[in-house]
Amino acid sequence: FLHHSSMGGNSVAVAAAAAAIGLSVATDALPTPYLVLLAILVFLLVARFGAPSPDSRLPPPPPLAWDLPMLGHALGYKANPPGFLAANAAATHGVFTLNLAGFTTTIVSDPTAIRAVAVAGPDALSLRQAVGDFGFNRVLGPLNVFLGSDVHRAVLKGGLYPAIGVDATPLLRATRAGVAAYLPLGGTTTLDALPAFRRVLLHASITLFVGERVLVECPPFIEEYIVFQDRLEEAIAKAVVLPAWLAGPLHLAAVERDRAALVERLRGPIATMWAEGEGGWWVKALKTLDRSRLPGYHDFQSTAPTACPPPNNPFTAADAAEFVIGLLFASHKNPGIGAGQTLLQLLTPGYEDTAAAVTAEVRSPAAVAMHAGDGTPSDSAVLESTPKLNACVLETLRLCSHAIGGVRKVVDPRGFEVPTSAGTTYTLPRGTYLGITHMGPHLDTAVWGVNASDWRPFERFGSDAEQPDDYKFTTFSHGVHRCPGRRLAVLQMSAVLAVLLQQFEVEVVGPMSEVSFEKATLAQRAGPCLLRFTPR
């Protein structure tokens, strides 16, 4: 997630306006063009010298060299994001300022700095303000920005996790339904791997979290949602380098309308499911969830009172539809990419022994029975039946993580201090955007060895390996921002791969495209990767 300028610029604009008014008496006789030029000059001077660091004793992070006009460091980053970030982290103290075609952010890669960011509360570093600035208030709506994470965490911890901890059969049933929807057992099917896994996981997510009624009453919904999400990501990418007043009408407004249409499409089926006592986990939980107990509610109420629903009113079907849009945005695409990349890695020449070991494991009678739901298995039991497959999933996530993630905005008026392992401490002024590079820790040879960039699942995540902590394996973030859906995501990825390998022989068709970090998701592929699925 990228954006353009800091909100701290508002104070600079006010100061510039005040200075211009103060000069007006002396400039009344000047022609209008000269007044305009003078106002611009005053603004630039104030912007350059009028906003000192909150603690002038501590320096800001160093900017990278080779900052090209207009492009900044975008060309070097685009050519090889993980390598670019790792090389610059090594050349600095692991904290540096990056300019990506107009979006300037501080990148954190040093372990000590990452820990400082991870434990910082929302009064120091704000996710909500960052994503709101980037345009998500419009494209995903204020309900999702202010309350979405709280709602999903409440449903996971208060309902879904305890349930699948006893019986994961509903999740396994939804996974098999997703596979069956796109890979019928009646014949051979050839599909592009990552788009196929995305659709399978989206189908499974809707079935489990929302309810099958949506797929019955709205057959085009999956394709409509995929188009919406792709347009949203494209609009945000374009909007980040534009001022908000221009980005809104040019890129964000159309996506906002698309979201409203999807909400309207979902509202009716959700209302019916509520009336009839049906629905998936999220839909059922939202009907009785007390919004006033959500941590973000009071922030929402004070920041956007006109958009915030009253505390004592239950969520409406339209509210639930808004949350479902945000839920599906987070729940299916990256797990789909992660599962697809894992399968592609297993099918890459040189890994035949690993693929054979995983295939034998998931096709064992015990694993087949477990994934069929025999004996109402718990989620832990399901995962324990395929340790080799799970290791492959985690190792793939390590090497395909977001190049830049965990973006936050400094909101403390005093700024935010970032210590490093080298003993240097930097100050980030209020309004600065800050992001963590997952690939820095993931390619750190001091942690993973000289072969850190190699795919070695059993060595790093196997049953006998020492499992890395959240600061070595950072895919699911850490500290106060640790992803609450980690347990569910790993289970989904492992389950869909197990079901596929139990039901199909899989082979690569044609050349396999290179891994690409261009998108703001887990790494995808630069082009199609066709796979042929033949029923066993």
Side-chain angles (χ1 to χ4, degrees), residues 149-180 200-215 270 273-274 276-290 293-294 320 323-324 327-328 330-332 335-336 338-339 361-391 393-394 461 463 467 470 476 482-503:
S149 295
D150 295 340
V151 165
H152 304 324
R153 186 176 288 105
V155 176
L156 280 169
K157 294 184 176 181
L160 184 62
Y161 281 162
I164 64 174
V166 175
D167 180 11
T169 304
L171 184 144
L172 298 170
R173 187 184 303 119
T175 301
R176 291 196 300 273
V179 171
V200 168
L201 265 295
L202 181 54
H203 190 290
S205 295
I206 293 170
T207 302
L208 180 66
F209 304 144
V210 188
E212 294 179 74
R213 183 181 289 270
V214 170
L215 298 173
I270 289 175
M273 287 187 285
W274 276 359
E276 298 180 2
E278 299 178 0
W281 280 104
W282 256 257
V283 166
K284 288 180 178 178
L286 282 168
K287 186 177 182 182
T288 58
L289 195 63
D290 182 354
R293 298 177 66 87
L294 299 173
F323 286 125
V324 167
L327 166 69
L328 297 178
S331 68
H332 87 279
E361 176 184 79
V362 301
R363 291 178 180 173
S364 68
V368 171
M370 194 71 67
H371 287 82
D374 293 352
T376 61
S378 67
D379 61 335
S380 297
V382 173
L383 288 172
E384 288 168 3
S385 72
T386 56
K388 292 184 173 66
L389 175 60
N390 304 339
V393 168
L394 294 174
F461 293 96
S463 301
Q467 299 303 304
D470 289 346
F476 294 97
R482 190 176 192 270
C483 175
R486 172 177 178 161
R487 175 177 162 189
L488 177 62
V490 172
L491 178 60
Q492 285 182 299
M493 287 183 276
S494 182
V496 72
L497 286 166
V499 170
L500 277 170
L501 292 173
Q502 288 165 2
Q503 295 182 354

**Request:** Please step through side chain to side chain contact (heavy atoms under 4.5 Å, CB included) for the pair M273 and V214, ending with a clear verdict.
**Result:** CA-CA 10 Å; M273 287 187 285; V214 170; 4.1 Å; yes

**Message:** Which residues pass the salt bridge (charged side-chain N to carboxylate O under 4.0 Å, His left out) test with E278, not counting sequence neighbours?
**Reply:**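 Residues passing salt bridge (charged side-chain N to carboxylate O under 4.0 Å, His left out) with E278: R213.
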
**Item:** Y161 six-ring centre to R487 NZ/CZ under 6.0 Å and within 45° of normal
**Value:**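 That pair qualifies as a cation-pi contact.
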
**Prompt:** Could you walk me through whether V324 and F209 pass the side chain to side chain contact (heavy atoms under 4.5 Å, CB included) check?
**Reply:** CA-CA 8 Å; V324 167; F209 304 144; over 6 Å; no

**Message:** Would you call the rings of F323 and H152 parallel, tilted or perpendicular, taking 30° and 60° as the class edges?
**Reply:**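 Taking H152 first and then F323, their aromatic rings stand perpendicular (interplane angle over 60°).
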
**Message:** For the CD atom of Q492 and the CG atom of D379, what is their distance to the nearest 0.5 Å?
**Reply:** 11.5 Å

**Message:** Show, in sequence, the C-alpha distance, side-chain angles and deciding distance for K388 and S463, and conclude whether the side chain to side chain contact (heavy atoms under 4.5 Å, CB included) test is met.
**Reply:** CA-CA 8 Å; K388 292 184 173 66; S463 301; over 6 Å; no

**Request:** Would you mind telling me which of L156, L289, L327 makes a side-chain contact (heavy atoms from CB on, under 4.5 Å) with V151?
**Result:** L289

**Sole residue of N390, V362, T175 in side-chain contact (heavy atoms from CB on, under 4.5 Å) with S494** =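 Looking at N390, V362, T175, the match for S494 under the side-chain contact (heavy atoms from CB on, under 4.5 Å) is N390.
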
**Message:** Less than 4.5 Å apart, side chain to side chain, heavy atoms only: is that true for D167 and S378?
**Reply:**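 They are not in side-chain contact.
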
**Prompt:** Has the side chain of R173 got a donor or acceptor atom that lies under 3.5 Å from a matching backbone atom of A372?
**Reply:**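 Looks like no, no N/O pair under 3.5 Å.
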
**Message:** Counting only heavy atoms not in K287 (residues, nucleotides, ligands), do more than 12 fall under 6.0 Å from its NZ?
**Reply:** yes

**Request:** Please say whether more than 12 non-hydrogen atoms of neighbouring residues, nucleotides or ligands are located less than 6.0 Å from CD in E212.
**Result:** no

Exercise: identify the closest heavy-atom pair between [X] and [Y]:
X	Y	result
L172	M370	CD1-O, 3.4 Å
E361	P387	OE2-CD, 3.1 Å
W281	V155	O-CG1, 4.2 Å

